[in-house]
Amino acid sequence: MLRANLKWKLGSQLVGSCLALMLTIGISSCEQSLPATDNLSIAQSTALTATDGPLAEVNTPASISQLAPSLEKYQPQVQILSPQPDEILSDDRVTVKLKVSDLPLFKQPELGLGNYLHVILDKQTYQGVYDLTQPLVFKNLAAGTHSLRVFASRPWHESFKNEGAFDQVTFHVLTKTAENNPAPQQPLLTYSRPAGTYSAEPIMLDYYLTNAPSQPAKSGIPESLPNWRVRVTVNDQRFILDHWAPVYLQGFKEGKNWV
């Protein structure tokens with residue numbers, strides 16, 4: 001079991017998710033998209049140690065460590081302007097209007113990368129929004145309640161984690177139902193990465209955490225520890241996170257992997 005810093009019991013309080021996620025990750029044998037793992041320089045010390053499985057945490061790739069400081073000055077504030085909270089729509093389509101401040105959105109033409117907004121409707125696959133002037137419309141929505149979540153993301157798909165970088169709205173099509181209706185004051189984990197197909201490791205694990213208690217400074221005594229944990233299962237291997245930060249992992253098998 002991989003564990004962060006201290007060994008926590010699996011019975012500890014966990015932050016829940018409103019999504020029941022079973023994601024596949026395909027690690028292809030292609031060698032052209034990304035450099036091999038042993039070509040990546042490692043920047044900082046690890047927080048997890050593998051004990052009963054192939055996965056292990058490695059340090060942030062040097063290329064990302066070099067880029068990250070240029071974005072530290074931004075504290076993006078994200079707002080969903082439309083639909084309105086608890087709005088009941090008379091149509092099976094919704095036009096989403098978003099606002100973001102203190103973060104330039106863009107997509108670099110050659111690499112197709114840039115700061116963007118990560119938009120999730122219910123349990124659907126996310127959509128990346130790089131240009132707020134382009135319309136974002138969800139069509140053929142089922143009657144009932146729907147939940148829209150948005151958070152700001154760095155070019156390498158790591159979420160900004162400052163206060164205000166996330167917004168959520170629950171709305172309804174024709175009528176209200178019990179589905180897709182997370183309690184607004186309860187802890188919420190919005191999954192982000194890994195997703196899709198990768199041609200090299202390490203692979204980043206990242207998510208957005210809402211309404212979790214603040215973490216006090218670590219002082220080496222139990223009273224200073226946060227009262228939440230995140231339990232992660234990759235294939236058959238489990239580990240516990242007690243610090244909200246991206247984690248870079250290696251040791252995935254070729255083919256499908258489940259998170």
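Worth knowing before you read on, the calculation uses all heavy atoms, side chains too, and leaves out hydrogens, waters and symmetry mates.
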Please examine the side chains of [Y] and [X], heavy atoms only from C-beta on, and report whether any two atoms are closer than 4.5 Å.
X      : Y      : value
Leu241 : Tyr207 : yes
Ser101 : Pro76  : no
Leu148 : Ile120 : no
Pro187 : Leu209 : no
Lys97  : Pro83  : no
Arg93  : Val137 : yes
Ser153 : Glu158 : no
Tyr208 : His118 : no

Report yes or no: does [X] contribute a side-chain atom to a donor-acceptor pair with the main-chain N or O of [Y] at less than 3.5 Å?
X      : Y      : answer
Asp131 : Thr133 : yes
Gln77  : Ala165 : no
Asp122 : His146 : no
Trp156 : Ala68  : no
Asp242 : Arg229 : no
Gln237 : Leu55  : yes
Gln79  : Leu81  : no
Asn257 : Phe252 : no
Arg149 : Asp167 : no
Thr177 : Thr145 : yes

Do [X] and [Y] share a hydrophobic cluster (ILVMFWY, side-chain heavy atoms under 4.5 Å, transitive)?
X      : Y      : result
Ile88  : Ile80  : no
Tyr248 : Leu113 : no
Phe106 : Leu98  : no

More than 12 non-hydrogen atoms from neighbouring residues, nucleotides or ligands closer than 6.0 Å to CD on Gln108, yes or no?
-> yes

Any luck finding a side-chain donor-acceptor pair between Tyr126 and Arg193 under 3.5 Å?
-> yes

Using the ring of each side chain (for Trp, its six-membered ring), is Phe166 parallel, tilted or perpendicular to Phe151, with breaks at 30° and 60°?
-> parallel

Does the side chain to side chain contact (heavy atoms under 4.5 Å, CB included) test come out yes or no for Val119 and Val129, once each step is laid out?
-> CA-CA 7 Å; Val119 181; Val129 174; 3.7 Å; yes

For [X] and [Y], work out which heavy atoms get closest and say how close.
X      : Y      : answer
Pro184 : Asn211 : O-ND2, 2.7 Å
Ala195 : Ser192 : CB-O, 4.2 Å
Ser147 : Thr170 : OG-OG1, 4.1 Å
Leu188 : Gln168 : CD2-OE1, 2.9 Å

Apply the test side chain to side chain contact (heavy atoms under 4.5 Å, CB included) to residues Gln127 and Leu136: give CA-CA distance (whole Å), side-chain angles for both, the deciding distance (0.1 Å), then the verdict.
-> CA-CA 9 Å; Gln127 293 195 32; Leu136 177 59; 3.3 Å; yes

With rounding to the nearest 0.5 angstrom, report the [atom1] to [atom2] distance, [X] to [Y].
X      : Y      : atom1 : atom2 : answer
Leu117 : Lys99  : CG    : NZ    : 13.5 Å
Leu174 : Asp91  : CG    : CG    : 8.0 Å
Lys123 : Tyr191 : NZ    : OH    : 16.0 Å
Met204 : Ile64  : CE    : CD1   : 7.0 Å
Lys139 : Thr95  : NZ    : OG1   : 9.5 Å
Leu105 : Leu103 : CG    : CG    : 5.5 Å

Answer yes when Lys161 and Asp206 have at least one side-chain N-carboxylate O distance shorter than 4.0 Å, and no when they do not.
-> yes

Is Asp102 paired with Lys73 through a side-chain N to carboxylate O contact shorter than 4.0 Å?
-> no

Please confirm whether His157 and Tyr116 have ring centers closer than 6.0 angstrom.
-> yes

Apply the test side chain to side chain contact (heavy atoms under 4.5 Å, CB included) to residues Phe239 and Val234: give CA-CA distance (whole Å), side-chain angles for both, the deciding distance (0.1 Å), then the verdict.
-> CA-CA 9 Å; Phe239 54 95; Val234 181; 4.0 Å; yes

Could you check His172 against Leu89 for side chain to side chain contact (heavy atoms under 4.5 Å, CB included), going step by step and ending with a plain yes or no?
-> CA-CA 6 Å; His172 319 277; Leu89 305 177; over 6 Å; no

